[in-house]
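Numbering of ligands and ligand atoms starts at 1, following listing order.
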Amino acid sequence: MLRIEKLDVAYGHLQILRQVSMNINVGEIVAILGPNGAGKTTLLKSIMGLVPPMSGKVFFQGQDVTGHPTYELARQGIAFVPEERNIFQAMTVEENLLLGAYFNSDKDLIKQYLEHVYDMFPRLLERRKQLAGTMSGGERQMLAIGRGLMSNPHLVILDEPSMGLSPTNVLVVFDTIKKLVAQDVTIMIVEQNLSTTLGVASRAYVMEQGAVVMEGPSEELANNDYVKKMYLGLAD
Ligand SMILES: Nc1ncnc2c1ncn2[C@@H]1O[C@H](COP(=O)(O)OP(=O)(O)OP(=O)(O)O)[C@@H](O)[C@H]1O
Ligand SMILES: [Mg+2]
């Protein structure tokens with residue numbers, strides 16, 4: 001689904017990503033873990049054409065999409081749900097959702113996708129006329145994910161979807177992620193909520209200081225002494 005080859009990314013003269021390589025296979029949930037400032041968001045932004053890489057390649061479904069504009073990647077089937085969620089506060093829930101299908105002109109399909117999102121998040125249906133700016137944090141996160149789904153994506157890239165959510169809402173978001181995979185959507189997820197994430201992801205990459213320092217099946221990482229000590233707060 002997605003292949004990243006030796007990506008180097010810098011902001012001005014400051015190099016952030018160093019030789020980052022990853023593979024996300026069809027139907028997988030792959031987690032990207034790592035401390036604050038490790039370069040996780042930068043990686044997602046450079047995949048999405050928001051930060052151009054200095055060198056390296058990004059392939060989506062076998063095609064070289066390195067540095068392609070964000071809207072082009074969206075059209076090809078990648079939904080990106082950024083950390084800052086980018087909800088239009090003065091628009092209603094439903095208007096926000098419809099924006100996610102902006103490049104689709106098939107009204108019947110759009111209606112079908114909207115129904116699908118409302119099935120997944122009944123709360124959004126209940127609140128469809130409400131101004132997005134008055135939704136709670138958890139509801140806004142559902143809205144951001146729902147808007148991503150309006151493009152009927154093959155790959156959903158989520159940047160810290162559980163950030164700022166109550167434990168119940170974290171469960172709602174992770175349940176949604178599991179449902180998406182059951183519907184043949186592939187997921188790449190950046191998370192700090194490690195134990196929950198390793199519970200749903202099939203594989204994970206650990207990034208530190210802009211480089212991949214570890215990768216493997218989630219179970220293996222969850223049992224790794226270094227990961228336990230550094231990330232799960234468990235003494236050995
Ligand atoms: N636009 C920018 N200009 C300069 N430096 C930046 C810019 N954006 C991010 N950085 C720096 O790049 C490094 C990586 O940031 P990034 O946001 O990718 O980290 P992250 O792993 O997502 O962290 P977090 O877990 O806190 O979200 C940080 O040191 C950050 O200060
Ligand atoms: Mg980040």
Evaluate side chain to side chain donor-acceptor pair (under 3.5 Å) for Asp8 paired with Gln15, printing each intermediate quantity in order. CA-CA 7 Å; Asp8 282 330; Gln15 186 167 353; 3.2 Å; yes
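Within Glu83, the N/O/S atom positioned nearest the Mg ion (ligand 2) carries the name OE2.
Remark: side-chain polar atoms of Arg147 are not paired, donor with acceptor, to backbone N or O of Gly100 under 3.5 angstrom.
A salt bridge links Glu28 and Arg203; the closest N-O separation between the charged side-chain nitrogens and carboxylate oxygens is under 4.0 Å. Between Arg128 and Glu126 there is no salt bridge, since no side-chain N of the basic residue sits under 4.0 Å from a carboxylate O of the acidic one.
Within a 6.0 Å radius of CG in Asp106, more than 12 heavy atoms belonging to other residues, nucleotides or ligands are found. For Glu219, the CD atom counts as loosely surrounded, since its 6.0 Å shell holds 12 or fewer non-hydrogen atoms of other residues, nucleotides or ligands. Shown here is Tyr102, whose OH atom has more than 12 heavy atoms of other residues, nucleotides or ligands within 6.0 Å.
At a heavy-atom cutoff of 4.0 Å, ligand 1 is surrounded by Tyr11, Ile16, Pro35, Asn36, Gly37, Ala38, Gly39, Lys40, Thr41, Thr42, Glu83, Glu160, Gln192.
Note on Thr41: counted as a metal contact of the Mg ion (ligand 2), an N/O/S atom lying under 2.8 Å.
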